[in-house]
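Every value quoted in this text rests on a predicted model; they were computed, and no experiment measured them. Counting convention: from 1, in listed order, for ligands and their atoms alike.
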Amino acid sequence: MNIHETDVLVIGGGAAGMWAALAARQEGCRVLLVSKTPLGISTCTYLSGGMFSVPTESNPPERHRERTLQTGKGINDPKLVQILSEEAADRVRELERLGIPGKWEKEGFYCLGKPPAWGAPLALGLAQACKHQGVLNLPWVVINRLGLEGGEVSGALAWDYREGKPMAFEAKATILATGGGGALYERHDNPLQMTGDGYVLAFHAGCRLRDMEFVQFLPPGLAEPGKPSMVIAPTLCDYGKVVNSLGEDIPEKYRLTARPLAVRSRDAFSLAIFQEEQNGREVFLDLRSLTEDRWPRDNMAQTQRGILTRQLRCQERPIRISPVCHHFMGGVAIDRDGRTEVPGLFAAGEVAGGVHGANRMGGNALSETAVFGYRAGKAAALKAKEEKRKGPSAAIHQGLKEFEKSLLLQEGEISFLEMKVALGKILWEKAGILRNGPGLKKALEEIYQLREERLPKLQVQNPREVLGRMEIENGLWVGEMIVRCALFREESRGAHFREDFPKSDDSKWKGNLFLQKSPEGMRLEFRPLD
Ligand SMILES: Cc1cc2nc3c(=O)[nH]c(=O)nc-3n(C[C@H](O)[C@H](O)[C@H](O)COP(=O)(O)OP(=O)(O)OC[C@H]3O[C@@H](n4cnc5c(N)ncnc54)[C@H](O)[C@@H]3O)c2cc1C
């Protein structure tokens, strides 16, 4: 049987997974990191802007903490935010020691990558460190189930989609670092693999998830006809003018005052653009009056100048922008060391929830991967050292046999891509930037229809299509989570905007929505904050 044994199993090869792997290795554990693609590559980390929001001399931890809570509309987990503000700078200095090139600015640290993958030096630098430190890596492998032994996670079942082979992992501690699910939406800036698998793995293992209704859209996505969707450096929105096709100034019209606009007001700014579009007006970033000497100094804006001026001719005409799905704020509930509520299972990075509340401040996701990836790695190593379980895990051995049987090929009439497009449209139109009760109910019906009527007709003829089936099954679960939570929260807050409940209502809704698997499907529980 194809079973690998390790102390700590890390699922996911982005920044959170690699930080966790390095921290567990420092404690002397054997670490195996499994990822859908080669270490660091095709991750959100790789494609990111490489910007870390980190306390600095001019941005002390207290201010960073306050701004993170304000941006999150007060429903972040304050303990996690406190840790983020206290520890982010130390972690970033470790990146510098690893030789990852970067530059300190007033609000944090910018990794010195180039467009369209400013995060590449970060992802590749961490991957290099993992190799040097003896972290074993298996790429092209997708984890599809977690094994549970006596209520504890004892490893995972997986599919090698290049070789077409099932496999299993026995581990004393397992860390989920699978990132988010942005690629489930019709318009997004994520790598295609980001289908929210980790939320579903945790859900089926019995974990609670929190705040799944909060999905972030990034306002300045390039929307020029015939051009690839690309993120425009957020700072440019403060230096140029954002106007609609009538020439109206968008920040003024919608009273968007927090600056930097696309860093601290991603929610309201995305909503404003979306509303303009709904009313038949396009939105543009006008950089024509921005001279070279006034161009923002941050790395993202500086390195994008050539593309914007030469290829998009931004000095001659305004360029069209439109929001893209960018980040999931919600995720698996964790404690300060990344422990989930199921023993043996840890989570870090975008798959985990709590740090960002209802809206994420730009730059805080990468800081989160470093701070909580590191913490989860240390805690998982401790757990692995204390683990008393002896001999092979029956859950994994038995589970692998059953898993093999579930990997059947099938003749069908619908491709994985068609299913993904259909789900993406439902989420974009009914559970995206602008939501309402009837639309969300319809979205739920349509998701059930896809699952019950179309999924059995899926074409699954090769190992890649087996992966496709796994991803779409996960996507349907994640879609259901978002829709159910969005329907439950009858107010608007941060990235969750309900047309039928357009105001925030602290008296009823200042708190968190937890979701857990139950015999009837999903159980939702709202917990007000003290
Ligand atoms: C275009 C873009 C720009 C951004 N810019 C910034 C920025 O400047 N600053 C900032 O703070 N944040 C930014 N973000 C957000 C930030 O990049 C992400 O939140 C962060 O990188 C997530 O890191 P992660 O390690 O949790 O996940 P990822 O880096 O996405 O890695 C997830 C890993 O999990 C693997 N995986 C997933 N499912 C499975 C499975 N079932 N089995 C095995 N492996 C699996 C994937 O293959 C991948 O290796 C940006 C995001 C995007 C998309």
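- Residue contacts with ligand 1 for Val351 are absent, since no atom lies close enough (heavy atoms, distance under 4.0 Å).
- Within the 4.0 Å heavy-atom criterion, neither part of Ser53 lies near ligand 1.
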Legend entry - Stepwise salt bridge (Lys or Arg N to Asp or Glu O under 4.0 Å) check, Glu5 with Arg30: CA-CA 9 Å; Glu5 200 249 325; Arg30 292 171 301 155; 3.2 Å; yes

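- Distance from atom 3 (C) of ligand 1 to its nearest protein heavy atom, with residue and atom name: Ser48 CA, 3.3 Å.
- Contact annotation: His326 has at least one heavy atom less than 4.0 Å from an atom of ligand 1.
- Gly363 counts as a contact of ligand 1, since one of its heavy atoms falls under 4.0 Å from the ligand.
- The distance between the ring centers of Trp477 and His204 falls below 6.0 angstrom.
- In this structure, of Glu368, His356, Met230, Lys36, the residue bringing a heavy atom nearest to atom 46 (C) of ligand 1 is Lys36.
- Per-residue contacts place Val141 under 4.0 angstrom from the following atoms of ligand 1 (heavy atoms of the residue considered): 42 (N), 43 (C).
- In summary, the atoms of ligand 1 found under 4.0 Å from a heavy atom of His327, numbered by their order in the structure, are 19 (O).
- For the pair Gly196 and Val478, the tightest heavy-atom approach, listed with the atom from each and the gap, is O-CG2, 3.5 Å.
- Figure legend: Arg91 and Tyr374 shown as a cation-pi pair, the cationic atom lying under 6.0 angstrom from the six-membered ring centre and within 45 degrees of its axis.
- An N or O contact shorter than 3.5 Å links Gly49 to ligand 1 by distance.
- When all heavy atoms are compared, the tightest approach of Val332 to Ala202 is CG2-CB, 3.6 Å.
- The shortest N or O to N or O distance between Leu201 and ligand 1 is not under 3.5 Å.
- Here the protein heavy atom with the shortest distance to atom 21 (O) of ligand 1 is Thr45 OG1, 3.0 Å.
- Under a cutoff of 6.0 Å and an axis angle of 45°, Arg145 and Trp159 do not form a cation-pi pair.
- Between Gly17 and ligand 1, no N or O atom pair is found at a separation short of 3.5 Å.
- Gln82 CD to Asn76 CG: the interatomic distance, rounded to the nearest 0.5 Å, is 12.0 Å.
- Counting only heavy atoms of the protein, atom 53 (C) of ligand 1 lies nearest to Asp189 OD1, 3.2 Å.
- Judged by distance alone, the side chains of Gln311 and Lys227 never bring a donor and an acceptor atom under 3.5 Å apart.
- Protein heavy atom closest to atom 48 (C) of ligand 1, with residue, atom name and distance, is Thr43 CG2, 3.6 Å.
- Using a 4.5 Å heavy-atom cutoff, the side chains of Asn137 and Pro139 are in contact.
- Note: no N/O pair closer than 3.5 Å links Ile11 and ligand 1 by distance alone.
- When each atom of ligand 1 is checked for a heavy atom of Gly349 under 4.0 Å away, the hits are 26 (O).
- Arg360 and Gln216 get closest at one heavy-atom pair: O-NE2, 2.9 Å.
- When non-hydrogen atoms are compared, ligand 1 lies under 4.0 Å from neither the backbone nor the side chain of Met300.
- When only interatomic distances are considered, the shortest N/O to N/O separation between Phe52 and ligand 1 does not fall below 3.5 Å.
- Residue, atom and distance of the protein heavy atom nearest to atom 49 (O) of ligand 1 are Gly13 N, 2.9 Å.
- Taking each heavy atom of Asn359 and Ala495 in turn, the nearest pair found is CB-N, 4.4 Å.
- Between Tyr110 and Phe52, the gap from one ring centroid to the other reaches at least 6.0 Å.
- In summary, the atoms of ligand 1 found under 4.0 Å from a heavy atom of Ser35, numbered by their order in the structure, are 43 (C), 44 (N), 49 (O).
- Residue-level proximity to ligand 1 for Asn144 is absent, since no heavy atom of it falls below 4.0 angstrom.
- Distances below 4.0 Å separate heavy atoms of Ala177 from the following atoms of ligand 1: 32 (C), 33 (C), 34 (O).
- Other residues, nucleotides and ligands place no more than 12 heavy atoms under 6.0 Å from the OH atom of Tyr46.
- You'll find the side chain of Phe169 stays beyond 4.5 Å of the side chain of Ile11, heavy atoms only.
- The atoms of ligand 1 that sit less than 4.0 Å from any heavy atom of Asn190 are 53 (C).
- Contact annotation: for Arg360 versus ligand 1, heavy atoms closer than 4.0 Å belong to the side chain alone.
- Considering only non-hydrogen protein atoms, atom 16 (C) of ligand 1 sits nearest to Ala365 CB, 3.8 Å.
- Not a single N or O atom of Leu47, backbone or side chain, sits closer than 3.5 Å to an N or O atom of ligand 1.
- Only the side chain of Thr369 comes within 4.0 Å of ligand 1, counting heavy atoms alone; its backbone N, CA, C and O stay farther away.
- Pro219 places none of its side-chain heavy atoms less than 4.5 Å from the side chain of Cys237.
- Considering all non-hydrogen atoms of both residues, Ala380 and Ala173 come closest at O-CB, 3.4 Å.
- Residue Asn364 forms a side-chain hydrogen bond (donor to acceptor under 3.5 Å, both in side chains) with just one option from His64, His327, Arg67, and that option is His64.
- If you look at Asp197 next to ligand 1, the close heavy atoms, those under 4.0 Å, all belong to the side chain.
- Interface atoms of ligand 1 facing Ala16, defined by a heavy-atom separation under 4.0 Å, are 25 (O), 26 (O).
- Between Val142 and ligand 1, a contact under 3.5 Å exists for no N or O pair.
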Legend entry - Intermediate values then yes/no, salt bridge (Lys or Arg N to Asp or Glu O under 4.0 Å), Glu105 and Arg297: CA-CA 9 Å; Glu105 300 275 351; Arg297 306 302 311 160; over 6 Å; no

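- Contacts of Met194 with ligand 1, taken as heavy-atom pairs under 4.0 Å, involve the side chain alone.
- For the residues Ala123, Ala117, Gly179, the heavy atom positioned nearest atom 27 (O) of ligand 1 is part of Gly179.
- By the neighbour-count criterion of 12 heavy atoms within 6.0 Å, atom NZ of Lys114 is sparsely surrounded, having that number or fewer from other residues, nucleotides or ligands.
- For atom 42 (N) of ligand 1, the closest heavy atom belonging to the protein is Ile143 N, 2.9 Å.
- The ring of Tyr185 has its center closer than 6.0 angstrom to the ring center of Phe217.
- Ranking protein heavy atoms by distance to atom 22 (C) of ligand 1, first place goes to Glu350 OE1, 3.8 Å.
- Atoms of ligand 1 lying under 4.0 Å from at least one heavy atom of Met51, given by number and element, are 7 (C), 8 (O), 9 (N), 10 (C), 11 (O).
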